[in-house]
Amino acid sequence: MSAAGHEGERHVESACPLDCPDACSLDVTVAGGRVVAVGGSEKNPVTRGYICAKVRRYPEHMYGEARILHPGIRAGRKGEGVFRQASWDEALGLVAERLKAVRAGRGGEAILPLSYGGSNGYISQDTTDARLFYRLGASRLLRTVCAAPSGAAAKGLYGKMPGVAYQDYAHAKLVIVWGMNPSVSGIHIVPYIQQAQKKGARLVIVDPRRTRLAESADLHLAPRPGTDLPLALALIRWLFAEGRADREFLARDAHGAEELERRARPWTIERAAAECGVAAADIEALARLYADTNPAALRCGWGPERNRNGGSAIAAILALPAVAGKFGVRGGGYTLSNSGAWKEIDGMAAAAEPEPATRQINMNRLGAALTEKGPRSVDLLFVYNANPLMTMPDQERVRAGLEREDLFTVVFDPVMTDTARYADVVLPAATFLERTELSRGYGAFVLQRAAAVAAPAGEARPNHEVFADLCRRTGVARPGDAESAEEIAGAILASSRRGPDLGRELAKNGIAFLEEGVAPVQFVDAFPRTPDGKIHLVPEALDREAPHGLYHYEPEPAGSRFPLALISPATDRTISSTLGELRRAAVPVALHPDDARARGVENGDRVRVYNELGSVRCRARVDTGIRPGVVFLPKGLWSHNTESGTTANALSPDTLTDLGGGACFNDARVEVERLGGA
Ligand code: SF4
């Protein structure tokens with residue numbers, strides 16, 4: 001696993017479990033017991049030895065000023081971030097006492113555990129933590145801030161069929177990237193797209209911004225945020241109306257084609273063009289290109305889901321390759337998330353406790369949950385693998401909840417996040433390079449296992465150890481519970497059909513691939529995982545769940561007070577809020593020159609971006625790369641990135657998507673005003 005480098009240095013293999021599709025294999029340089037550099041290794045054949053700029057700075061995350069080195073107990077006002085150092089015994093004793101007291105007094109449902117994608121590793125989430133909170137009868141969190149609508153759509157239509165592998169994009173003659181910016185997020189697909197382009201493939205980008213890839217695209221459609229649904233329905237309508245639908249394939253392999261055709265019928269290209277703010281000729285050009293070109297690969301991102309129509313939009317986009325008959329060839333089909341591809345592994349297997357039927361709280365409505373008073377109030381919040389003050393919608397309501405003096409908040413994290421500053425107890429968490437982890441990609445089809453490469457900084461401890469300790473202290477531990485990383489990994493791998501073989505493969509190589517192969521072809525090696533193995537274009541369950549039925553379009557919510565659509569996509573530094581402490585620079589809001597001129601705003605001016613929920617003070621960046629009527633503040637910012645300490649989330653409503661209870665970040669409508677001062 002390791003090889004000697006310069007004197008005193010070792011190179012150790014690891015794997016990245018952060019919330020990113022790619023799952024890079026890593027080459028970590030260790031010297032003097034500390035991590036001094038992180039780079040890519042060749043072990044994962046998809047990520048091929050390079051990693052993002054963000055994780056290259058991981059040593060600063062591990063050993064920087066923001067690192068929490070010891071447990072702490074609040075010694076100031078909530079939000080001040082002032083703590084006195086405590087021993088693990090004192091801190092965990094206090095947390096266990098409060099967990100027991102809340103459960104005995106108000107019942108387990110007054111406890112809310114909150115975790116998300118701070119680590120997508122199997123060992124650091126849904127193991128001893130789930131066991132603790134299930135056995136305490138805590139409220140259950142719906143982890144819906146991202147991918148819930150798209151996951152619901154993909155499951156309903158295809159049963160989460162594995163997607164086109166990144167490397168197979170090199171075989172496509174047409175690549176469509178819809179609602180995603182792979183130059184900054186899921187970066188390892190880009191060289192394969194460029195390979196395809198070098199061989200003459202056409203590239204189409206659908207994105208309200210002119211992204212880096214859009215610069216080299218043959219066609220760039222920039223629909224208004226929230227209008228991906230009518231755009232996709234217009235393409236579907238055109239394919240049926242022009243005799244370009246693959247009716248033979250649909251009759252054999254799909255249900256619901258006629259109903260889909262009926263629902264798409266109102267969306268002529270002209271009507272969609274008016275709604276989306278895109279030229280009708282461009283929509284027709286895309287329809288023709290898609291119908292005429294094989295193989296055609298569609299990379300669908302998560303941008304189209306973040307609005308009131310998000311679930312239906314993703315369903316309509318994913319229906320396109322079925323309607324146009326694009327499966328059955330290498331380089332043809334679609335890619336969304338491959339999180340369901342490792343279907344044989346039960347990530348909850350080590351919890352050793354069935355999920356209780358306690359109340360569920362949608363994380364997108366965290367502010368409402370934390371500010372609710374009376375018998376259903378949350379009295380104890382336990383945050384880990386997450387920074388909810390910066391990542392949940394309706395930020396000011398989340399903050400109001402965290403400020404409650406009668407809320408006991410525990411934050412267990414490697415660094416002092418904005419949320420941790422509101423904690424009553426902070427606990428130092430080990431980073432993924434300081435513990436054993438088992439993780440899968442949700443873009444690349446890999447499962448990787450990595451041991452700790454360095455000792456935890458300070459007194460940091462791995463998640464699974466701390467939650468196992470809390471199980472014992474609260475009296476819910478049972479003999480035979482899997483507690484060590486080895487036992488937990490063993491229980492998870494034992495849930496696989498491949499059983500010990502998979503464990504042996506990982507022990508030998510550190511990496512394993514899907515049963516379907518390294519790069520399965522849709523409708524050749526990989527098939528819909530629906531109960532009857534067919535595509536369901538209008539699945540009954542989704543049709544029932546969507547308030548007005550699947551593929552129903554809710555129009556633009558902007559009014560005259562707040563006419564600008566705010567989007568908050570990833571950038572190369574801010575894919576999620578993880579590692580946000582490393583990016584100290586002030587971040588501007590981007591707006592189109594027409595919108596800037598109409599408001600007397602010039603590049604670099606101080607501005608206030610505001611709506612009825614809150615406001616953000618920052619600088620303006622006048623940008624021709626964004627469509628008129630849309631403004632852009634990146635997601636994943638921390639309070640230090642803006643003058644007001646608020647971010648795009650302060651302007652995001654806590655309304656939910658039509659499917660999956662997802663977040664409607666892109667339904668934020670705002671106004672921008674110029675402020676005085678230098
Ligand atoms: S965040 Fe993504 S691109 Fe960066 S190292 Fe991890 S897996 Fe690779």
Side-chain angles (χ1 to χ4, degrees), residues 11-29 35-62 116-125 146-147 165-167 169 177 180-194 211-213 299 301-302 335-339 341-342 385-387 391 414-415 431-435 437-450 453 510-513 569-583 634-636:
H11 286 264
V12 190
E13 286 172 358
S14 186
C16 179
L18 298 184
D19 188 3
C20 164
D22 294 8
C24 290
S25 52
L26 302 177
D27 173 1
V28 183
T29 311
V35 172
V36 294
V38 181
S41 89
E42 300 284 341
K43 180 160 274 180
N44 181 345
V46 179
T47 58
R48 298 193 295 190
Y50 70 94
I51 65 169
C52 60
K54 191 171 135 165
V55 171
R56 273 202 299 272
R57 293 184 65 189
Y58 209 76
E60 294 170 60
H61 175 64
M62 296 176 72
Y116 194 67
S119 164
N120 275 354
Y122 279 119
I123 293 179
S124 53
Q125 193 154 286
C146 183
Y166 283 8
Q167 51 276 50
Y169 277 73
V177 180
M180 170 164 209
N181 183 5
S183 301
V184 303
S185 164
I187 58 177
H188 293 87
I189 200 172
V190 173
Y192 300 110
I193 293 175
Q194 289 168 337
T211 57
R212 217 176 300 155
L213 266 184
R299 175 56 162 142
W302 291 268
T335 312
L336 180 62
S337 168
N338 286 320
S339 64
W342 288 91
N385 293 347
N387 181 9
T391 52
V415 294
T431 66
F432 75 83
L433 291 176
E434 297 163 335
R435 55 180 167 76
E437 193 51 283
L438 177 68
S439 53
R440 55 154 167 71
Y442 62 93
F445 297 114
V446 294
L447 179 69
Q448 297 179 92
R449 183 172 184 160
V453 304
I511 191 164
F513 301 94
T571 69
D572 56 353
R573 300 298 151 107
T574 53
I575 298 161
S576 65
S577 79
T578 311
L579 280 70
E581 82 280 8
L582 301 180
R583 199 195 183 205
K635 71 170 177 170

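All values below come from the heavy atoms of this structure, side chains included, with hydrogens, waters and symmetry mates left out. Each residue takes its place number in the sequence, starting with 1. None of the values given here were measured: they were computed from a predicted structure. Note that ligands are numbered from 1 as they come in the structure, with each ligand's atoms numbered from 1 the same way.
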Can you list the residues that meet the side-chain contact (heavy atoms from CB on, under 4.5 Å) rule with Ser41, with sequence neighbours excluded? Ser25, Asp27, Lys43
Residue set satisfying salt bridge (charged side-chain N to carboxylate O under 4.0 Å, His left out) with Glu60, at least two apart, ordered chain then number -> Arg57
What atoms of ligand 1 come within less than 4.0 Å of a heavy atom belonging to [X]?
{"X": "Cys20", "result": "1 (S), 2 (Fe), 3 (S), 7 (S)"}
{"X": "Ala23", "result": "7 (S)"}
{"X": "Cys52", "result": "1 (S), 3 (S), 4 (Fe), 5 (S)"}

Side chain to side chain contact (heavy atoms under 4.5 Å, CB included) evaluation trace for Thr47 with Tyr166: CA-CA 9 Å; Thr47 58; Tyr166 283 8; over 6 Å; no
For Arg440 and Tyr122, test the side chains for any donor-to-acceptor distance below 3.5 angstrom and give the result as yes or no. yes
For a distance under 2.8 Å, tell me if Cys16 has an N/O/S atom near atom 6 (Fe) of ligand 1. yes
